[in-house]
A.B. asks: 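For reference, the structure I am asking about is given below.
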Amino acid sequence: MRKKLSKDFYLRPDVLVIARDLLGKVLVTESAGIRCAGRIVETEAYNGEADKASHAWGGRRTSRTEVMYATGGVAYVYLCYGIHHLFNVVTNSRDIPHAVLIRALEPLEGLDLMLKRTGKNKVDESLTRGPGNAAKAMGITTAMTGTSLLGRTVYIADDGYRPAATDITAGPRIGVDYAGADALLPYRFYIKGHPNLSGSKSTNNLS
DNA sequence: ATGCCGATGTCCT
DNA sequence: GGACATCGGCATC
């Protein structure tokens, strides 16, 4: 039984708490009556204007990033390296550009459609590992940016699953070396040892 | 197991 | 023109 997360979940002021709470929740998309779902196993928090790794660093506003300043509970999807569509959840109040990047999923439902979208012929760990792959499998594109997460096409739900607190780990974000000291902040959250995690063994604290 | 490379839209200098 | 919240393939250790 899945219960869609309410607006209040996204309006909370601490994006780090939200990024952590999203671990174990279920991301759902629906298109042409077919549903796909995946459990969130890796996230990254982007902490607003003060965070040098964020697209909203220094209060930058462009047509691409404008949606980060919207009231929490909408999608921010942007094109990375001109190829990959990356899915983020916008949080906090209007004009506070907090967001959480969904970096990896455990596939749960709609596997046939995920395979079709990604052009793969079998389900393996790579199907939803990493933000580009996860969005592709779920059918998420930049066309969805600004979409409410309280609707039907894309949302996040709680099915009662709770990761063990001892399995939740925080570490530095991936691919943000340009952000100087902010690159070292432990803003990446993940379920320790999960097979769908992005990053290397060392970044996942596995020897 | 690790490292380099190319693909390429949006933003910045 | 260059950098970038990435990925898969191929080369090399």
Side-chain angles (χ1 to χ4, degrees), chain A residues 15-16 18-20 22-23 27 38 40-70 72 74-92 96-105 107 114-146 169-190 193 195-207:
Chain A
V15 70
L16 299 176
I18 296 174
R20 184 190 178 93
L22 282 172
L23 294 178
L27 175 62
I40 297 168
V41 298
E42 180 183 353
T43 63
E44 277 177 4
Y46 286 83
N47 193 22
E49 302 183 8
D51 181 356
K52 195 169 182 185
S54 171
H55 291 160
W57 174 59
R60 293 203 311 269
R61 293 178 99 119
T62 67
S63 57
R64 181 184 68 159
T65 62
E66 185 60 31
V67 69
M68 297 184 81
Y69 294 81
V74 299
Y76 168 43
V77 187
Y78 79 97
L79 201 56
C80 183
Y81 295 99
I83 301 174
H84 306 289
H85 300 256
L86 269 54
F87 173 72
N88 298 253
V89 173
V90 174
T91 71
N92 213 321
I96 303 179
H98 287 182
V100 178
L101 172 65
I102 305 303
R103 287 195 60 90
L105 304 171
M114 290 189 192
L115 288 172
K116 186 178 171 191
R117 284 172 175 146
T118 56
K120 296 176 186 287
N121 53 27
K122 63 174 175 31
V123 176
D124 64 14
E125 296 158 356
S126 74
L127 182 64
T128 52
R129 178 176 64 202
N133 290 337
K136 189 171 186 182
M138 294 294 285
I140 293 170
T141 71
T142 53
M144 282 190 192
T145 211
T169 310
R173 292 170 292 187
I174 291 178
V176 297
D177 292 346
Y178 61 89
D182 286 353
L184 303 175
L185 297 170
Y187 284 4
R188 171 174 176 254
F189 298 87
Y190 57 97
N196 289 107
L197 293 183
S198 67
S200 62
K201 267 189 177 178
S202 61
T203 57
N204 291 323
N205 290 329
L206 303 171
S207 59

A.B. asks: What closest approach, in Å, do Gly130(A) and Ser198(A) show between heavy atoms, and which atom pair accounts for it?
C.D. replies: CA-CB, 3.8 Å
A.B. asks: For the pair Thr128(A) (side chain) and Leu105(A) (backbone), establish whether a donor and an acceptor sit closer than 3.5 Å, ignoring hydrogens and angles.
C.D. replies: yes
A.B. asks: In whole angstrom, give the distance that lies between atom NE2 of His84(A) and atom P of dG6(B).
C.D. replies: 15 Å
A.B. asks: With heavy atoms of chain A within less than 4.0 Å as the criterion, where does contact along DNA chain C begin and end?
C.D. replies: dC4(C) to dG8(C)
A.B. asks: With a 4.5 Å cut-off on side-chain heavy atoms, are Glu49(A) and Trp57(A) touching?
C.D. replies: no
A.B. asks: If you assign Gly132(A) and Asp177(A) each to the DNA chain C nucleotide with the nearest heavy atom, which residue ends up on the more 5' nucleotide?
C.D. replies: Asp177(A)
A.B. asks: Taking atom C1' in both dG9(B) and dG9(C), compute the distance separating them and give it to the nearest angstrom.
C.D. replies: 23 Å
A.B. asks: Taking atom P in both dA5(C) and dT2(B), what distance in whole Å separates the two?
C.D. replies: 24 Å
A.B. asks: Just by distance, do the side chain of Ser54(A) and the backbone of Asp51(A) share a donor-acceptor pair under 3.5 Å?
C.D. replies: no
A.B. asks: Do Leu86(A) and Leu101(A) touch side chain to side chain, with heavy atoms closer than 4.5 Å?
C.D. replies: yes
A.B. asks: Using Watson-Crick and G-U wobble pairs with both distances under 3.5 Å, what is the 5'-to-3' dot-bracket string of DNA chain C, with [ ] for crossing pairs and | for pairs outside the strand?
C.D. replies: ||||.|||||||.
A.B. asks: Tell me what Asn88(A) touches on the nucleic acid: a base, only sugar-phosphate, or nothing, going by heavy atoms under 4.0 Å.
C.D. replies: base
A.B. asks: Identify each atom pair where a protein N or O and an N or O of nucleotides 9-13 of chain B are less than 3.5 Å apart, giving names and distance.
C.D. replies:
unit_1: dC11(B); atom_1: OP1; unit_2: Thr62(A); atom_2: OG1; d: 2.9
unit_1: dC11(B); atom_1: OP1; unit_2: Arg64(A); atom_2: N; d: 2.9
unit_1: dC12(B); atom_1: OP1; unit_2: Arg60(A); atom_2: NE; d: 3.0

A.B. asks: Begin with the C-alpha distance, continue with both residues' side-chain angles, and end with the deciding distance and a verdict on ring-ring contact (aromatic ring centres under 6.0 Å, His included) for Tyr46(A) and His98(A).
C.D. replies: CA-CA 6 Å; Tyr46(A) 286 83; His98(A) 287 182; over 10 Å; no
A.B. asks: With a distance cut-off below 6.0 Å to the six-membered ring centre and an angular limit of 45° from the axis, does Arg61(A) pair with Tyr69(A) as a cation-pi contact?
C.D. replies: yes
A.B. asks: Touch check for Lys136(A), heavy atoms < 4.0 angstrom, all strands: base, sugar-phosphate only, or nothing?
C.D. replies: nothing
A.B. asks: If you apply the rule side chain to side chain donor-acceptor pair (under 3.5 Å), what do you find for Thr142(A) with Thr145(A), and how did you get there?
C.D. replies: CA-CA 5 Å; Thr142(A) 53; Thr145(A) 211; over 6 Å; no
A.B. asks: Base, sugar-phosphate or nothing for Arg188(A)? Non-hydrogen atoms, less than 4.0 Å.
C.D. replies: nothing
A.B. asks: Any non-hydrogen side-chain atom of Phe189(A) less than 4.5 Å from a side-chain atom of Leu16(A)?
C.D. replies: yes
A.B. asks: Both Lys120(A) and Ile174(A) contact DNA chain C. Taking the nearest nucleotide for each, which residue is further toward the 5' end?
C.D. replies: Ile174(A)
A.B. asks: Is it true that Arg173(A) and Glu44(A) have a side-chain N and a carboxylate O under 4.0 angstrom from each other?
C.D. replies: no
A.B. asks: Quick check against the 3.5 Å criterion: does Asn196(A) have a side-chain atom that pairs as donor or acceptor with the backbone of Arg129(A)?
C.D. replies: no
